[in-house]
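Taking it in order: structure first as structure tokens, then the write-up.
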Amino acid sequence: MTTAPTLVWFRDDLRIADHPALHAAADRGAPVIACYLLDEHGEGVRAPGGAARWWLHHSLAALRDELAELGVPLVLRRGPAVELLPALVAEAGADAVLWNRRYSPARAIDARLKSALREAGVDARSFPGDVLAEPQDVRTGSGTPYRVFTPFWNGLRDRPVASPLPAPDALTGADAPGGDALEAWGLLPTRPDWSGGLRAAWAPGEAAALARLEEFAGELDGYAERDLPAVDASSRLSPRLRWGELSPRQVWHRIRAAGGPQSEPFLRELGWREFFRHTLFHEPDLATRNLKPAFDRFPWAEPDPTELTAWREGRTGLPLVDAGMRELWATGTMHNRVRMSAASFLIKNLLVDWRVGEQWFWDTLVDADEASNPGNWQWVAGSGQDAAPYFRIFNPERQAARFDPDARYIRRWIPEYGTDAYPAPIVDLAATRERALAAYDTIR
DNA sequence: GTGAGATTTGC
DNA sequence: CAAATCTCA
């Protein structure tokens, strides 16, 4: 008689260390089969953009290899998870399905599957793997979710965070039902292949993620210069966390162990990721609805196609904005401070609805995250619950003078900077600032 | 009910 | 210093 296998369902947790579901599967002792289901049209699912698909391909390939070393097959299937998962359970003869929870609207799928599988006698269980504390467990004194970051962070920072689980060293594989070849999913761009810059900038996969965490922990003091885009002081961990190559618990404990004056400021940033995850849990339409309803009346301008294209392609004539937008297009990322300037320019100087910019970032960022991306865009727009005041309008020239005084960052991405080939600003900063403030007055 | 406090700024 | 709302304890 053969032992029924355990199925581990991977989603945004493409790692084997500190993976509670995989760890629980090892504890069950039965053979293990892993699966990843590419469900782009399911209820509450937001299909990944172009740059994200590139990352997903490579991170899945890395996970497949890591699991193979443990003797565990990774079955790939494409379609609706609500149908694919029960079918896979039946084909594999599995008596248990384990996964790590997600906090996006797609969790409706997980809830449905969990009850259906349990009804069929399958041991279906989920685990917390993508947060420091689960949204249900973080509440104000009166029992409501936090709407302001600082009290949220004060409530969270002193809580104990569970220690990371080790990667399983001994697992038994099982004969797996057939699946798709990763290459057949067409996640990589062809005709043209625009991913050269991404390949040069990134190496997806858990091993590289862990190596980067180690490296960053060793140079944490340099984080003091994180506001200077020309300086390599960022953690560059955001896509690792987005795809779950690292868990926030691993990052939390490693950076706390590193200590020093920059430990707290960095962990606070991890707190923002957490805050927006919790926000998305409570506000599932974060990416489409103004959290401040007054902004539903905001008189956005009809986007001028020429201006919009100039913004996307980095030809606005505002060097810091253009450098950032070109960095984004080339590498799938943008320095944080430049993101704020580029977003503020689109929203406040071009008066374009923040959702237009949010969608562009969604398509082009390798770290495009369902919670952090719209959360930060709403923060810049002023429409978020704990947002920057609308009248606080970034001046991209002033930001460049303060944070890139010798234009090193600007020149890195705009070779023609300073020559006639570089365009004049497409808008008057002072006039569009006044226009934005006047627009804001209409909804107050 | 009360009052303190609120990422990232511009001019 | 603007400008002044809302959260949270």
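Throughout, a chain's letter reflects where its sequence line sits, starting with A, and its residues are numbered from 1. Since the model is a prediction, treat every value here as computed from it, not as a measurement.
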Touch class at under 4.0 angstrom, heavy-atom based, for A:Glu269 against every strand present: base
Sugar-phosphate only, base, or nothing, as touched by A:Gln385 at under 4.0 Å among non-hydrogen atoms: nothing
Short side-chain N/O contact to C:dA9 OP1/OP2 from A:Tyr146, under 4.0 Å: yes
Sugar-phosphate only, base, or nothing, as touched by A:Arg139 at under 4.0 Å among non-hydrogen atoms: nothing
Side chains of A:His57 and A:Leu182 in contact at under 4.5 Å (non-hydrogen atoms): yes
Rounded distance (Å) that lies between atom C1' of C:dC6 and atom CZ of A:Phe152: 18 Å
Complementary nucleotide of C:dA3, counting Watson-Crick and G-U pairs under 3.5 Å: none
side-chain hydrogen bond (donor to acceptor under 3.5 Å, both in side chains) partner of A:Asp322, the single match among A:Trp413, A:Tyr422, A:Trp311: A:Tyr422
Touch class at under 4.0 angstrom, heavy-atom based, for A:Asp386 against every strand present: sugar-phosphate
B:dG5 to C:dA3 separation - P atoms, rounded to the nearest Å: 23 Å
Touch class at under 4.0 angstrom, heavy-atom based, for A:Arg337 against every strand present: base
Separation of the P atoms in B:dT7 and C:dC8, to the nearest angstrom: 11 Å
Stacked cation flag A:Arg107 on A:Phe281, 6.0 angstrom / 45 deg: yes
Spacing between A:Arg392 atom CZ and C:dA3 atom C1', to the nearest angstrom: 11 Å
For chain A, the stretch of DNA chain B it reaches, first to last nucleotide, under 4.0 Å of its heavy atoms: B:dT7 to B:dC11
